[in-house]
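Notes for the one structure printed next.
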Amino acid sequence: MPAPRKYPLELRERAVRMYRAAEPKPVIRRMAEELGVHHEALMTPAWAGFGSSS
C-alpha cells in the first residue's frame, strides 16, 4: 500500500503552474514559503514540472 500524499494534487499543480508562468523564475525557497510547503518538497520527483519548459 503506498504512503498517503502529504500535499494534495491540486497544490502541486498550482505550484507547477506558478513556476512556469513566473518571469524571471522564482527562488524555490520563496515560492515554497508562499505555498506553505517545505522548500525541499518542491525538489522531489512528486513535484515534477519545476524547471521543465512544457
Name every donor-acceptor pair, under 3.5 Å, that has one atom in a side chain of residues 29-38 and the other anywhere in the protein, sequence neighbours excluded.
residue: Arg29; atom: NH2; partner: His39; partner atom: NE2; Å: 3.4
residue: His38; atom: ND1; partner: Glu40; partner atom: N; Å: 3.0

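When the salt bridge (Lys or Arg N to Asp or Glu O under 4.0 Å) test is applied to Glu23, the partners found at least two apart in sequence or on another chain are Lys25.
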Passes side chain to side chain contact (heavy atoms under 4.5 Å, CB included), Leu42 versus Tyr19? Steps please.
CA-CA 11 Å; Leu42 298 182; Tyr19 181 83; over 6 Å; no
